[in-house]
There are 2 protein chains.
Amino acid sequence: MTPITVVLVDDHVVVRSGLKALLGTQPDIAVVGEAASGEEALAAAETSSPDVILMDLAMGPGMDGIEAIRKLRQRNGKQAVIVFTTYDSDADIVRAVDAGAIGYLLKDAAPEEIFAGIRAAVQGKSVMSPPVASRLFQQMRNPDEVLTAREAELLSLLTQGLSNRELGKQLFISEATVKTHLAHIYAKLGVETRAAAIAKAIRREGMR
Amino acid sequence: MTPITVVLVDDHVVVRSGLKALLGTQPDIAVVGEAASGEEALAAAETSSPDVILMDLAMGPGMDGIEAIRKLRQRNGKQAVIVFTTYDSDADIVRAVDAGAIGYLLKDAAPEEIFAGIRAAVQGKSVMSPPVASRLFQQMRNPDEVLTAREAELLSLLTQGLSNRELGKQLFISEATVKTHLAHIYAKLGVETRAAAIAKAIRREGMR
DNA sequence: GGCGGTATCAGCCAAATGGCTGAGAGACCA
DNA sequence: TGGTCTCTCAGCCATTTGGCTGATACCGCC
């Protein structure tokens with residue numbers, strides 16, 4: 001029986017070797033590639049064509065995890081992408097699912113949880129860590145508090161301290177559109193100013 | 001020749017096993033213990049009495065890394081504590097050094113850097129990742145980047161999302177004074193807008 | 001006594017932000 | 001086909017914020 005092939009994407013050496021050590025204990029799982037950036041992830045997916053990709057979201061400069069997932073989906077891509085990251089941010093979850101991730105595991109997950117996630121992913125099933133699941137349920141209960149992917153993207157940049165003009169340039173939209181999105185975001189977050197939105201977003205999202 | 005004994009403290013399984021795998025390649029370094037929390041770290045230091053402790057700062061609920069370091073120093077403790085964390089926050093660096101850490105390495109450090117850090121630590125020498133070092137130098141060069149007590153107080157409220165008017169009411173000063181303080185804070189933080197100041201403050205100061 | 005740092009306040013003006021209404025294009029679904 | 005959602009854009013106007021200059025008062029220090 002051929003093992004499940006996995007590529008690891010994370011900019012930290014220790015995380016990659018940690019995962020490799022953990023996954024090495026499972027006879028039905030084989031790590032066939034590693035990458036430290038979004039760009040490398042695309043290349044590794046190409047050459048190794050794994051069954052599953054374990055992907056961190058935050059990866060220093062360059063292409064981030066979300067973008068890498070999106071690009072993978074745009075190609076052919078029968079690889080299942082599982083997000084493997086530190087924080088359970090609403091915005092990141094939404095954006096990751098939107099980009100085409102099939103699972104969302106936190107780095108403090110138990111090893112068994114990770115193994116189960118990988119095995120589920122190859123069968124097209126989703127697995128997520130409990131905190132992630134509860135956030136999703138939360139969102140389903142009151143759907144008009146859920147940010148759209150675009151709004152989440154904007155909020156993420158907002159927490160970098162960008163002005164409306166800069167936000168527009170970054171996202172290739174006009175300032176008018178930025179203001180529209182912001183108004184929606186404020187309403188959904190229950191705040192009235194950009195300052196409060198940033199404070200709330202960073203604190204409740206673990207956005208970094 | 002007896003190897004250098006090391007205890008790893010990190011709430012992520014993958015990070016611990018990653019480090020163990022990396023350090024296992026060095027014949028003069030032996031991992032003799034692991035801990036997933038500050039409390040466990042103290043216990044492990046007691047039972048294993050290692051030469052070096054590699055300690056993450058952020059560790060979920062309970063005692064954080066800084067506090068664990070402080071407690072270790074308060075005891076007898078000839079163990080050298082090296083901080084091993086993801087972010088190079090000014091506040092964290094200062095607090096870690098203050099608590100008694102001898103080194104400060106980032107998780108994206110090259111393996112050689114980590115090995116060198118451990119070997120230096122047992123000889124009482126300090127090693128820190130380049131970004132950490134540059135931050136420290138930065139602070140020493142221009143000490144007028146340090147916020148005054150009043151400014152820090154204002155910044156703290158600012159990160160709650162208050163407006164100038166609200167800040168004034170809270171602190172019993174006029175809006176004009178609030179604006180003066182803000183201008184000074186912006187200059188010291190190297191930002192130009194309130195949004196950027198909030199983002200920077202929350203992220204780099206751990207203000208929560 | 002003067003000097004530097006801190007905290008306080010004022011006024012003026014340009015720029016950014018937020019609230020509002022309205023609207024077109026595309027996707028998706030019933 | 002029609003309704004809903006999302007994303008996009010525009011204009012108008014009130015408020016807020018930020019940059020500037022200048023001023024007073026207190027404190028510690030040489």
Side-chain angles (χ1 to χ4, degrees), chain A residues 66-67 70 73-74 90-91 93-100 139-201, chain B residues 139 141-201:
Chain A
I66 298 282
E67 204 177 326
R70 192 167 288 122
R73 295 290 101 224
Q74 279 172 0
D90 284 342
I93 297 173
V94 170
R95 287 169 61 217
V97 171
D98 188 67
Q139 292 199 336
M140 306 236 299
R141 270 199 296 275
N142 23 10
D144 32 62
E145 283 185 12
V146 183
L147 300 181
T148 67
R150 194 58 159 167
E151 286 163 357
E153 201 176 353
L154 206 141
L155 180 58
S156 164
L157 289 176
L158 190 66
T159 64
Q160 310 296 323
L162 301 194
S163 69
N164 289 352
R165 182 166 314 180
E166 293 168 321
L167 290 171
K169 290 213 168 188
Q170 282 276 324
L171 299 175
F172 304 105
I173 57 181
S174 76
E175 262 185 83
T177 306
V178 170
K179 289 175 69 175
T180 303
H181 284 309
L182 283 182
H184 293 160
I185 291 174
Y186 296 165
K188 289 181 180 178
L189 292 185
V191 300
E192 276 151 11
T193 68
R194 142 184 320 239
I198 293 175
K200 191 152 201 164
Chain B
Q139 289 203 337
R141 266 200 301 273
N142 23 10
D144 40 58
E145 284 188 8
V146 182
L147 300 182
T148 68
R150 193 57 160 170
E151 285 162 0
E153 199 177 353
L154 209 142
L155 180 58
S156 165
L157 290 176
L158 191 65
T159 64
Q160 311 295 322
L162 302 193
S163 69
N164 288 353
R165 182 166 314 180
E166 293 168 321
L167 290 172
K169 290 212 171 192
Q170 283 276 323
L171 299 174
F172 303 104
I173 56 181
S174 77
E175 259 185 85
T177 306
V178 170
K179 289 175 68 176
T180 304
H181 283 309
L182 283 181
H184 294 160
I185 291 174
Y186 296 165
K188 290 182 179 179
L189 292 185
V191 300
E192 275 150 11
T193 67
R194 137 183 327 237
I198 294 174
K200 194 153 200 165

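Since the structure is predicted, the reported quantities are computational estimates derived from the model, not experimental observations. All chains are named by letter (A, B, ...) in the order of the sequence lines, taking the proteins before the strands, and each is independently numbered beginning at 1.
To the nearest 0.5 Å, atom CD of residue A:Gln160 and atom CG of residue A:Leu155 are 10.0 Å apart. To the nearest 0.5 angstrom, A:Glu175 atom CD is 10.0 Å from A:Glu166 atom CD. Note that the CG atom of A:Leu189 and the CD1 atom of A:Ile198 stand 11.0 Å from one another [nearest 0.5 Å].
Over its full length, the helix from C:dG1-D:dC30 to C:dA30-D:dT1 turns its helical axis through 40°, comparing axes from the five pairs at each end and rounding to 10°.
Counting to the nearest Å, the C1' atom of C:dT8 and the CD atom of B:Glu151 are 13 Å from each other. In this entry the distance linking NE2 of A:His181 with C1' of D:dA10 reads 14 Å, nearest Å. Atom-to-atom, CG of A:Leu189 to C1' of C:dG18 comes out at 15 Å; the value is rounded to the nearest Å. The distance between atom OH of B:Tyr186 and atom C1' of C:dA16, rounded to the nearest whole Å, is 12 Å. Atom CD1 in A:Ile185 sits about 11 Å away from atom P in C:dG18, given to the nearest Å. Distance B:His184 NE2 to C:dA7 C1': 10 Å, rounded to the nearest Å. Atom-to-atom, CG of B:Leu162 to C1' of D:dT17 comes out at 15 Å; the value is rounded to the nearest Å. Note: CD1 (B:Ile198) to C1' (D:dT17) measures 12 Å, nearest angstrom.
Nearest heavy atom pair, residue B:Leu158 against residue B:Ala197, reads CD2-CB, 4.3 Å. In this structure, A:Arg194 and A:Leu162 approach most closely via the heavy-atom pair NH1-O, 2.9 Å. Pairing each heavy atom of A:Leu157 with each of A:Leu167, the nearest pair is CB-CD2, 3.5 Å.
A:Thr180 and A:Thr177 form no side-chain donor-acceptor contact under 3.5 Å, judged by distance and modelled atom types alone.
Summary of the strand contacts: B:Lys179 and B:Thr193 both lie near DNA chain C, and taking for each the nucleotide with the nearest heavy atom, the more 5' one is attributed to B:Lys179.
Put simply, the side chain of B:Thr180 and the base of C:dC9 share a donor and an acceptor less than 3.5 Å apart.
A 4.5 Å side-chain heavy-atom check between A:His181 and A:Leu171 finds every atom pair outside the cut-off.
Of the candidates D:dG18, C:dG19, D:dC7, the closest approach to any side-chain atom of B:Arg194 belongs to D:dG18.
Against DNA chain C, the stretch residues 163-177 of chain A makes heavy-atom approaches under 4.0 Å through A:Ser163, A:Asn164, A:Arg165.
Salt bridge status for B:Arg150 with B:Glu153: present, with a side-chain N to carboxylate O gap under 4.0 Å.
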